[in-house]
Number of protein chains: 2
Amino acid sequence: MNKPGGISSKLSELGYRLTPQRIMILSAIDNSDDHISAEEIYAQVVAKYANVNISTVYRTLELLKRLGLVTETDMGEGRVRYHPVGKGHHHHLVCQECGAIIDLDESVLSSVKDVLLREYGFIADLKHLAIFGRCVNCRK
Amino acid sequence: MNKPGGISSKLSELGYRLTPQRIMILSAIDNSDDHISAEEIYAQVVAKYANVNISTVYRTLELLKRLGLVTETDMGEGRVRYHPVGKGHHHHLVCQECGAIIDLDESVLSSVKDVLLREYGFIADLKHLAIFGRCVNCRK
DNA sequence: TATGCAGTTGCATAGAGTCTCAATTATAAT
DNA sequence: ATTATAATTGAGACTCTATGCAACTGCATA
């Protein structure tokens, strides 16, 4: 907890308060191997301290997003999932037929990033994208 | 209304009913130059016939999406926008700083589409994507 | 220690979108 | 024309996310 380089140390470096609520939220994000949803974070936090409000979870996630400490990915489940940036970037292919999720290395989109920067002067934030479509098994 | 090649004729060709509700929804989509949101469609439809329910709008949009007749794009406004496929594909660069929206030709992502197909056998549905980031004017 | 003040939280509420279920409507079959 | 069947709709409950506001927290200065 609060190891150097971790999200929590970054937060306090930037002058934000490390409240108990935030510490619990951050540890939920950090301890999740997978991509975690706001509701899942909330469930973990409430288990430890019942008086935490879900608004706080959403507000903390919003803050972390703005600071570039977590990425947000919509995998088409009707809820968004979060991932700490420190644990590496990657993208997902989401099959709209069978729901399969195939991980995709960041490099696949780096050429696009380059083109956008070169031709449009646009710095694309392509850290954690979900691309929808049809996977090998579901093609006719 | 119901011109050949239009969405409504496609719908009836596929065996779906062309109910008054759907006709009004389709004409709202077709007549919008811009990308239109569900609420905007609903507002237009209700103005003509008060008893239409917003569920019907969402259900119709879901159907059109599934049939590939409209594309859905989340430009980060907290609501999704729709666009008839017949009016051409393109992507958007959305600046997270100033909100500027820069249109982007479909071809920029066609190389990605090819790579995904070749290396993953994945048919990517990249018809109408919003890429977030920072535009030329907002770079430091 | 007391006071001011910005940061943060809980609560209540609102908006966007989804889902269930019963009622209605259209199509097909008799 | 009547009945059976399936598609579609409206109403309303519900989920996820965001926001306004008043209360609370903790640092900084007096």
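Proteins come first, then strands; the chains are lettered A, B, ... in the order of their sequence lines, and each starts at number 1. We use all heavy atoms of the structure for the numbers below, so side chains are in, but hydrogens, waters and symmetry mates are not. Treat the numbers as computed from the prediction; the structure is a model and nothing was measured.
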Quiz item: About how many Å separate CG of A:Leu129 and CZ of B:Phe132, when rounded to the nearest 0.5 Å?
Solution: 10.0 Å
Quiz item: What is the per-nucleotide protein-contact pattern of nucleotides 6-16 of chain D, from the 5' end, where B denotes a base atom under 4.0 Å from a protein heavy atom, S denotes such proximity for sugar-phosphate atoms only, and - denotes neither?
Solution: BBSBBBB---S
Practice problem: Would you confirm whether B:Arg22, through its side chain, and B:Thr60, through its main-chain N or O, come within 3.5 Å as a donor-acceptor pair? | Solution: no
Self-check item: side chain to side chain donor-acceptor pair (under 3.5 Å) partners of A:His91, counting only residues at least two apart
Solution: none
Quiz item: chain A on DNA chain C: first and last contacting nucleotide, 5' to 3', under 4.0 Å to a heavy atom?
Solution: C:dA6 to C:dA12
Quiz item: Between the side chain of B:Thr73 and the main-chain N/O of B:His128, is any donor-acceptor distance below 3.5 Å?
Solution: yes
Exercise. Calculate, to the nearest 0.5 Å, the distance between atoms CG and CG belonging to A:Leu67 and A:Leu11 respectively.
Key: 6.5 Å
Side-chain donor-acceptor contacts of residues 106-123 of chain A below 3.5 Å, not counting sequence neighbours, with atom names and distances?
| from | atom 1 | to | atom 2 | distance (Å) |
| --- | --- | --- | --- | --- |
| A:Glu106 | OE2 | A:His89 | ND1 | 3.0 |
| A:Ser107 | OG | A:Asp105 | OD2 | 3.0 |
| A:Ser110 | OG | A:Ser107 | O | 2.7 |

Practice problem: Just grab all the salt bridge (charged side-chain N to carboxylate O under 4.0 Å, His left out) pairs involving residues 44-65 of chain A, residues at least two apart or on different chains. | Solution: A:Glu62-A:Lys65, A:Lys65-A:Glu72
Quiz prompt | Gap between atoms CZ and P, on A:Arg66 and D:dT19 respectively (whole Å) | solution = 11 Å
Quiz item: Please, which pairs that meet salt bridge (charged side-chain N to carboxylate O under 4.0 Å, His left out) have at least one residue in residues 78-89 of chain A, sequence neighbours excluded?
Solution: A:Glu40-A:Arg81, A:Glu77-A:Arg81
